**Student:** 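Below are the structure tokens for one structure; questions will follow.
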Amino acid sequence: MVAGSQPKLLDVGALEVVYAGVVQALRGVTMSVGAGQVVAVLGSNGAGKSTLLRAVSGTLGMHGGKVTAGALRFDGAELAGRGAADIVRLGLVHVPEGRRIFGRLTVEENLRAGGMSVRGRAARARARDRVYELFPRLAERRDARAVLLSGGEQQMLAIGRGLMSAPRMLLLDEPSLGLAPQVIGKIAAAIKEINAQGVSVVLVEQNAAMALAISEAAYVLELGRTSLSGPSAELAASDEVARRYLAVAGEPAPGADGLPADDHAPGEPADEAPREPASPARTLSRWQPPPARRGLPRPRAGVGAAAGSGGAHAGEPQ
Ligand SMILES: Nc1ncnc2c1ncn2[C@@H]1O[C@H](COP(=O)(O)OP(=O)(O)OP(=O)(O)O)[C@@H](O)[C@H]1O
């Protein structure tokens, strides 16, 4: 069971999406997110994760995609046929992959752009202050042009900009992409804090260890279908997920709370990894079945102890 005991805020039912009239990207994906939950969506490159977020946020059209079947509801409201701006007004905000911030604008100006739909100067100032409280580093760099920020700071800014319209749910697409482990820990901690402040989160990630550590429930997509779903702890403990998505030979996964031991201030040079996935081994798309591990440590304590764990099952999670 994923969200049965809580009222469902987001309901996706048997969703099918086609790009350019020919590429079938989603083939009947069902997902539900309860109010106050963090739900992770995992899967390899091309599995359909970004497509799922685009469908929910009404941005598929910008990419030449179209929902061809299925249901999409947010807090009971039908999302089909609504434009992206209308969906933001409902309280659903999408932070797409790749930190699409305005490089030539300052941090403050980027945040202002994110709050344009918010009525009232005082409400906008409150939202901005909340972002600066969450990310003190952004406050320090408020007058810096976004292009000069480190990768971690840019990701904070992308999330902060999404928070400016005071969403009820954030759709985060790969916030850890290209960041060093200690920065990923900071992003994970921020997601937990945002959630603690009452915002539900759908977290698309290739960093399965981080995503499972901070989410309550998770869905695994494969070739446009849900192949596994269940409580995150059960998925993390299942042999199949460990074998396919948590195989990190010799590299520590984030701690059980998703936080790193290291606590560098964001923006320091050590923060930013080269702009590519931090490690092939922890990136689902590039993960290859490891050769015989020859005594290498298991990636997480307890992983693999529950082969075929009852909580991780295909399709509908209920
Ligand atoms: N704009 C597009 N036009 C045509 N096909 C697309 C488009 N965007 C995605 N696709 C295809 O849809 C499928 C799902 O892609 P999607 O980007 O949703 O996967 P993903 O799981 O998010 O992968 P990644 O981790 O690489 O972003 C893939 O086959 C992809 O090639």
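Atoms within a ligand are numbered from 1 in the order they appear, just like the ligands themselves. Bear in mind the structure is a predicted one, so any value in this text is a computation, not a measurement.
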**Student:** Pick one: which of Asp11, Leu9, Leu79, Leu10 meets side-chain contact (heavy atoms from CB on, under 4.5 Å) with Arg73?
**Tutor:**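 The option that passes is Asp11.
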
**Student:** To the nearest 0.5 Å, what is the distance between CD (Glu174) and CG (Leu53)?
**Tutor:**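 Here the rounded value is 9.5 Å.
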
**Student:** In chain order, what residues pass the side-chain hydrogen bond (donor to acceptor under 3.5 Å, both in side chains) check against Asp86, with sequence neighbours excluded?
**Tutor:**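 With neighbours one apart ignored, the set is Arg82.
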
**Student:** Got a sec, which residues hit side-chain contact (heavy atoms from CB on, under 4.5 Å) with Glu109, two or more places apart in sequence or on another chain?
**Tutor:**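 So Glu109 forms a side-chain contact (heavy atoms from CB on, under 4.5 Å) with Leu105, Thr106, Arg112.
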
**Student:** Hydrophobic clusters here meaning ILVMFWY residues chained together by side-chain heavy-atom distances under 4.5 Å, can you tell me if Tyr19 and Leu72 are in one?
**Tutor:**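 Both belong to a single hydrophobic cluster.
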
**Student:** If the criterion is any heavy atom closer than 4.0 Å to an atom of ligand 1, which residues make the list?
**Tutor:**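 Residue list for ligand 1: Tyr19, Ala25, Ser44, Asn45, Gly46, Ala47, Gly48, Lys49, Ser50, Thr51, Arg54, His63, Glu97, Glu174, Gln206.
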
**Student:** Using the side-chain hydrogen bond (donor to acceptor under 3.5 Å, both in side chains) criterion, which residues pair with Ser200? Sequence neighbours excluded.
**Tutor:**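 Ser200: no side-chain hydrogen bond (donor to acceptor under 3.5 Å, both in side chains) contacts found.
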
